[in-house]
Number of protein chains: 2
Amino acid sequence: MTTTSLDRQVETRLSGQGVRYTKGRRAVVAALSHADGPKSAAELHDDLGDGVPLSSLYRSLTVLEESGVVALHHGTKGLTRYEIAEWIAGHHHHLVCTECGLVEDVEISADDEIRLRSVIDQVSTTASFSPSDHSLEIEGRCMRCA
Amino acid sequence: MTTTSLDRQVETRLSGQGVRYTKGRRAVVAALSHADGPKSAAELHDDLGDGVPLSSLYRSLTVLEESGVVALHHGTKGLTRYEIAEWIAGHHHHLVCTECGLVEDVEISADDEIRLRSVIDQVSTTASFSPSDHSLEIEGRCMRCA
DNA sequence: TTCCTTGCAAACGATTTGCATTGGA
DNA sequence: TCCAATGCAAATCGTTTGCAAGGAA
């Protein structure tokens with residue numbers, strides 16, 4: 001099992017919270033880090049091979065989410081998808097295919113991001129809402145389904 | 001049962017597809033039209049009183065969604081929430097409370113909307129994605145939970 | 001040893017479906 | 001009459017949990 005710089009970041013975060021970075025959790029983080037968008041538990045289960053039972057997978061995901069290493073995304077068909085948290089993977093937005101359910105990460109320019117933030121701040125102030133995060137969800141058809 | 005202009009729009013749309021606008025479906029549309037954001041089946045079930053069984057409610061929602069009268073929103077805790085489609089209710093975005101799960105509709109200015117679209121077009125072109133809809137999902141704490 | 005993690009199976013909660021009944025055109 | 005809509009109960013599906021076994025500190 002190779003230790004990447006990602007592993008080191010995660011390890012540090014987890015140990016700071018007294019949480020172990022076990023083999024199963026490493027496998028989940030590795031699988032997510034290779035993905036080009038958030039993945040469902042079922043997709044991860046496939047990726048990881050049949051050795052990892054779904055219940056353990058869900059438990060790993062729960063721990064990683066509570067530790068802030070993994071973030072949740074709720075999408076097509078009510079499925080929960082999981083991705084590496086933005087403080088590690090970087091801030092991004094989502095392209096969601098309404099046909100096949102694929103969710104792909106995309107980044108927008110720093111300028112556009114700044115403009116987006118000002119829109120968010122304005123709208124939030126008006127609504128007495130305290131924003132902590134945001135995501136532009138763009139629905140449509142992906143390359144394969146178009 | 002009063003017939004509103006909303007009812008007329010829905011009626012026209014449904015009959016154009018050979019779909020009946022029944023009492024149950026009217027009730028669902030009415031309940032959604034009074035909401036300030038997307039509502040889950042359970043919330044609608046409460047709103048509608050105990051007379052409407054959940055299975056019928058889900059069936060109404062399915063029909064209305066397939067007819068394009070109602071749109072789906074996937075949010076907190078993997079719950080599916082339902083709202084009046086944008087061609088009727090108008091284009092808007094969402095404030096999502098990470099604490100209590102409340103989802104509130106918000107609009108942004110026409111100028112900001114135009115800027116948003118140009119960002120979306122640019123990102124979509126780069127990714128060979130055909131955008132059909134978008135929503136800015138702003139997460140944070142609502143007025144009550146802050 | 002002691003506590004955390006894992007596996008398996010059973011339990012859950014949201015949503016869907018089969019089937020018999022009701023209702024509208 | 002005839003097909004669509006409804007109600008109820010049972011089935012599904014994603015996800016969670018109880019409990020006993022395995023592993024690390």
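A, B, ... follow the sequence lines: proteins, then strands. Residue 1 opens every chain. Only heavy atoms go into these numbers, but all of them, side chains included; no hydrogens, no water, no symmetry mates.
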Practice item. Go through the structure and list residues passing side chain to side chain donor-acceptor pair (under 3.5 Å) with S15(B), not counting sequence neighbours. Key: none
Practice item. Would you please name every residue forming a side chain to side chain donor-acceptor pair (under 3.5 Å) with E43(A), sequence neighbours left out? Key: S40(A), R81(A)
Check your understanding: In B/S/- notation, 5' to 3', how is nucleotides 12-25 of chain D contacted by protein heavy atoms closer than 4.0 Å?
Key -> --SBBBB-------
Check your understanding: Can you tell me how far P of dG7(D) sits from CG of L48(B), to the nearest Å?
Key -> 11 Å
Exercise for review: Can you run down the ring pair (Phe, Tyr, Trp, His ring centres under 6.0 Å) pairs that involve residues 120-146 of chain A, sequence neighbours left out, and say none if there aren't any?
Suggested key: H91(A)-H134(A), H93(A)-H134(A)
Practice item. Scan residues 39-87 of chain A for pairs that pass ring pair (Phe, Tyr, Trp, His ring centres under 6.0 Å), counting only residues two or more places apart or in two chains. Key: H73(A)-H94(A)
Practice item. Give a yes or no on whether a salt bridge exists between R25(A) and E11(A), defined as a side-chain N under 4.0 angstrom from a carboxylate O. Key: no
Study note, to complete from the structure: residues 116-145 of chain A vs salt bridge (Lys or Arg N to Asp or Glu O under 4.0 Å), sequence neighbours excluded, gives E99(A)-R141(A)
Scan the side chains in residues 27-36 of chain A for donor-acceptor partners under 3.5 Å anywhere in the protein, sequence neighbours excluded, and list what turns up.
{"from": "S33(A)", "atom 1": "OG", "to": "V29(A)", "atom 2": "O", "distance (Å)": "3.4"}
{"from": "S33(A)", "atom 1": "OG", "to": "A30(A)", "atom 2": "O", "distance (Å)": "2.7"}
{"from": "H34(A)", "atom 1": "ND1", "to": "A30(A)", "atom 2": "O", "distance (Å)": "3.0"}

**Study point:** ILVMFWY cluster membership beyond V96(A) - transitive side-chain contacts under 4.5 angstrom
**Key:** V103(A)
Practice item. Considering only heavy atoms of chain B and a distance under 4.0 Å, specify the first and last nucleotide of DNA chain C in 5' to 3' order that meet this criterion. Key: dA14(C) to dG23(C)
